[in-house]
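Written below as structure tokens is the structure these notes are about.
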2 protein chains.
Amino acid sequence: MSMTPQNCAEKAARRVPRGEKRREEIAAVAERVFLRGGFTETTMQIIAEEAGASKETLYRHFGNKGELFSEVIRGRSARITGGKEGELSVEGSPREILRDLGLNLLRFLVSPDSLSLYRAIVAEVPREPELGRIFYTQGPARLLNQFARYLACATRSGKLCCPVPELAAKLFIGSIVANYQILGLVAPHEDAFSEEKMQVHVNEAVDMFLARYGGGAAARG
Amino acid sequence: MSMTPQNCAEKAARRVPRGEKRREEIAAVAERVFLRGGFTETTMQIIAEEAGASKETLYRHFGNKGELFSEVIRGRSARITGGKEGELSVEGSPREILRDLGLNLLRFLVSPDSLSLYRAIVAEVPREPELGRIFYTQGPARLLNQFARYLACATRSGKLCCPVPELAAKLFIGSIVANYQILGLVAPHEDAFSEEKMQVHVNEAVDMFLARYGGGAAARG
DNA sequence: GAGTAAACGAACTGATTAGTACGGTTATAT
DNA sequence: ATATAACCGTACTAATCAGTTCGTTTACTC
């Protein structure tokens, strides 16, 4: 078991970059660690070790623990809906679009990462209210706006009939996410999140939505 | 500034009970303090001081901090829906009943105590999953069951038409609570919870629900 | 290839807090 | 009344962790 540079798998003697690049590396590691353990559970020491960094470097780049956490949340919140489609396509029947939106949203919400993030933010808001506002505007609010715009558009073109698109959007999204989010947060028990159950749930939510807001023919689409 | 027993307003020289009675006093104080500050923010010292107790007494009665917290949550979860009406009345039109249920639920959910409790549980579940299960079964699950039973009953009597009452219940409750709960947890900003907005929201949710599940005539009730 | 600023690592400070110990006090049961 | 067990208050231990310091090493710049 010699230790020539080639077979030394333990310490790769990695070339450590400087400046902004190092900063981003550390932020990426911090995101992973914070998501895994939340704010209070995570220590600066752990982040440093996992990033192969020293605490001094952490503090030079981010000032303090709260700032690092804020930056992570900010970045992640922005990526969440940013990564998704920027605007809902108007192609396809409302039923299809609603179904896709609902199912994608549900799958996304019950993912461990989403639940962890939400959990971490909920816990930190009393200490750092700004964090919650950033998350809400970057995440849920953005989605609601996109969806409401789609509803307004579909209403103008006669496919749907939503007098108050913002409200209709909240009702639809709520009917889909609430129960799963509560379950995921307080009683995470795998088999509640089966793909089949989610599809049944979303289908029924779409039916309910269209029964009220489907403009005439579209309701039976 | 003499200190005769009569004018000593600071320390009332209160008669401190022993045994079970003292235990309950302390639990009541702990509930208040935990609700105010969550688990990690709250120290045993603070609870002891606020209860006029010594830490030794806390530990004798509850063993450790986690046990005390668990007991508080257990008690509160049980009281939440237990205090509410045991069974939904079948008197009145579905529209009235849905409206009342929705509005009461919403008012209850956005109350500071409810949000604090939920926040505390969400934060603690990773450390103590049992806590979340207790809360869910005692709180949300119980409400969903009650409501689903009502829907089934109303369906049998022809007032409504819910093929799968459990699912319909989840959709209705979800359409009402989701958005307000998210807002309350991550971006608490007072004016979002005005009585008027909540009424408009609930009315629209009821309309949507009845459009789908209102059996014929009831839909226009 | 030399100088410099960034990074490492290890040790340290200071503050907090769960949990324990103990001597003095008081409610309560007999 | 008196015994005793519960209680109070204070002080302690041990552990954790944010944030700092410093001597050494190393990646980048010119």
Side-chain angles (χ1 to χ4, degrees), chain A residues 5 8 10-30 33-34 36-73 120 123-124 126-128 131, chain B residues 3 5 8 10-30 33-34 36-72 120 123-124 126-128 131:
Chain A
C8 174
E10 308 293 335
K11 277 265 170 171
R14 182 173 75 92
R15 192 185 157 85
V16 174
R18 299 269 162 103
E20 190 60 25
K21 196 159 290 187
R22 188 71 177 122
R23 181 191 167 96
E24 284 162 13
E25 280 184 3
I26 293 175
V29 171
V33 182
F34 274 131
R36 189 204 308 148
F39 183 77
T40 38
E41 287 293 299
T42 301
T43 72
M44 294 298 260
Q45 188 65 47
I46 292 176
I47 297 175
E49 279 166 16
E50 210 138 321
S54 80
K55 289 208 291 174
E56 191 188 19
T57 309
L58 264 63
Y59 282 99
R60 174 146 18 83
H61 281 308
F62 302 99
N64 60 53
K65 192 185 177 186
E67 267 305 305
L68 174 53
F69 185 69
S70 296
E71 183 155 326
V72 164
I73 300 299
E124 280 319 296
R127 238 186 306 242
E128 204 66 62
L131 220 61
Chain B
M3 283 294 258
C8 175
E10 309 294 333
K11 279 263 170 172
R14 183 173 75 91
R15 194 184 155 85
V16 174
R18 300 268 161 104
E20 190 59 24
K21 196 158 289 185
R22 188 70 176 124
R23 183 192 167 95
E24 284 162 13
E25 279 184 5
I26 292 174
V29 171
V33 182
F34 274 130
R36 190 204 306 149
F39 183 77
T40 37
E41 287 292 300
T42 300
T43 72
M44 293 299 258
Q45 187 66 47
I46 293 176
I47 296 175
E49 279 167 15
E50 211 139 320
S54 81
K55 288 210 291 174
E56 192 190 16
T57 306
L58 263 64
Y59 281 99
R60 175 148 16 86
H61 280 309
F62 303 99
N64 61 52
K65 191 185 177 185
E67 267 305 306
L68 174 53
F69 185 69
S70 295
E71 183 156 328
V72 165
E124 280 320 296
R127 238 186 305 241
E128 203 66 60
L131 220 62

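Nothing here was measured: the structure is a model prediction, and the numbers come from that model. Throughout, protein chains are lettered first and strands after them, A, B, ... in sequence-line order, and every chain is numbered starting at 1.
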Polar side-chain atom of B/T42 near backbone of B/G38 as donor-acceptor pair, under 3.5 Å: yes

Euclidean distance, atom CE of residue B/M44 to atom C1' of C/dT16 [Å, nearest integer]: 15 Å

Closest-nucleotide 5' rank along DNA chain C - winner of B/K55 and A/E20: A/E20

Euclidean distance, atom CZ of residue B/R22 to atom P of C/dT26 [Å, nearest integer]: 14 Å

Closest to side chain of B/S54, choosing from D/dC8, D/dA5, D/dG19: D/dC8

Distance in Å, B/S70 OG paired with B/K65 NZ, rounded so as to fall on 0.5 Å steps: 12.0 Å

Sugar-phosphate, base or nothing in reach of B/T42, heavy atoms under 4.0 Å: sugar-phosphate

Salt bridge (Lys or Arg N to Asp or Glu O under 4.0 Å) contacts in which one or both residues fall within residues 41-53 of chain B, not counting sequence neighbours: A/R127-B/E41, B/R32-B/E50, B/R36-B/E50

Under 4.0 angstrom between A/R18 side-chain N/O and D/dT29 OP1 or OP2: no

From B/F69 atom CZ to B/N64 atom CG, the distance as rounded to the nearest 0.5 Å: 12.5 Å

Separation of A/K55 NZ from A/I47 CD1 (nearest 0.5 Å): 11.0 Å

Distance in angstrom units between B/E67 CD and C/dG19 C1', rounded: 15 Å

Nearest listed nucleotide, side chain of B/P17, among C/dT28, D/dA18, C/dC8: C/dT28

First of B/Q45 and A/Q45 reached from the 5' end of DNA chain D, by closest nucleotide: B/Q45

Length of the CG-P vector between A/N64 and D/dC17, whole Å: 17 Å

Rounded distance in Å - CG (B/L68) to C1' (C/dT17): 15 Å

Sugar-phosphate, base or nothing in reach of B/A53, heavy atoms under 4.0 Å: sugar-phosphate

Residue A/V16, side-chain atoms from C-beta onward, closest of C/dA5, C/dC8, C/dA27: C/dC8

Nucleotide D/dA6, atom C1' - distance to CD1 of B/I26 in whole Å: 11 Å

Distance in angstrom units between B/R23 CZ and D/dC8 C1', rounded: 19 Å

Interatomic distance, A/E25 atom CD to A/E20 atom CD [nearest 0.5 angstrom]: 11.5 Å

Aromatic plane relationship, B/F34 with B/F39 - under 30° parallel, 30 to 60° tilted, over 60° perpendicular: parallel

Proximity to DNA chain C (any heavy atom under 4.0 Å), residues of residues 56-63 of chain B only: B/E56, B/Y59

Interatomic distance where CD belongs to A/E41 and P belongs to D/dA18 [whole Å]: 11 Å

